[in-house]
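This structure is a prediction, so every number in the text was calculated from the model and none was measured.
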Amino acid sequence: MLLTMTKKSTKAPAAKKPAASKASARDEGQGRSTRAAGNESGSGKVAKTQLVEMVADKTGLTKKQSEEAVSAMLDVVVDAIRGGQSVGLPGLGTLSVKATAARTGVRPGTSEKIQIPAGKKVAFKVASTLKGNL
């Protein structure tokens, strides 16, 4: 077996481009934006800014007015849930607060038994109309 030795380069490595610019360059080459690419396949998440744009497009409001409306609606929903109320969103579902009981759990890694205190969690029940459309 013949081994060859190579000389190490004395040049500095090229600077890496940020990941976001690579993704946007790739998406621009395909003629679509990153936002549209994430929503076309049904996977991903709709960000608040995207929600604001969609509301502006559907209602004819300006983006600033849409942002105020979306923020106000989210604030009202969060305040109601914090107050222990259920929030019904027609065609979407119902958000509610559920109490969780105290229970015994097991700490991963050590198998030590621990006591988990009672608490509250937010539950979401999907509307039957949405279930039927999925």
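- Between M73 and V76 the shortest side-chain heavy-atom distance does not fall below 4.5 Å.
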Exercise for the section: Any chance you could lay out the side-chain contact (heavy atoms from CB on, under 4.5 Å) test for L92 and L130, step after step, and finish with the verdict? Expected result: CA-CA 6 Å; L92 189 63; L130 180 59; 3.9 Å; yes

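- Counting heavy atoms from C-beta on, the side chains of K63 and E53 come closer than 4.5 Å.
- M54 has its side chain within reach of V46: a pair of non-hydrogen atoms, C-beta onward, lies under 4.5 Å apart.
- Two residues are said to be in side-chain contact when any heavy atoms from C-beta on lie closer than 4.5 Å; V122 and I81 meet this criterion.
- Both V126 and L89 sit in one connected hydrophobic cluster of ILVMFWY residues. Membership requires side-chain heavy atoms under 4.5 Å apart, directly or through other members.
- Contact record, V97 with G84: CG2-CA, 4.2 Å, taken as the closest heavy-atom pair.
- Of all heavy-atom pairs between E67 and K48, the closest is OE2-NZ, 3.5 Å.
- Heavy-atom minimum distance, T59 versus S66: OG1-OG, 4.3 Å.
- Nearest heavy-atom pair, A127 versus G91, reported as atom, atom and distance to 0.1 Å: CB-C, 4.0 Å.
- Looking at T100, its side chain does come within 3.5 Å of a backbone N or O of G119 through a donor-acceptor pair.
- Taken from CZ in R103 to CD in Q115, the straight-line distance is 9.5 Å, to the nearest 0.5 Å.
- Two residues are said to be in side-chain contact when any heavy atoms from C-beta on lie closer than 4.5 Å; V106 and I114 fail this criterion.
- Using modelled atom types and a 3.5 Å distance limit, the side chains of S71 and E68 yield no donor-acceptor pair.
- A distance of 13.0 Å separates CG of L95 from NZ of K125, quoted to the nearest 0.5 Å.
- No donor-acceptor distance shorter than 3.5 angstrom exists from the side chain of S96 to the backbone of S86, with no hydrogens or angles considered.
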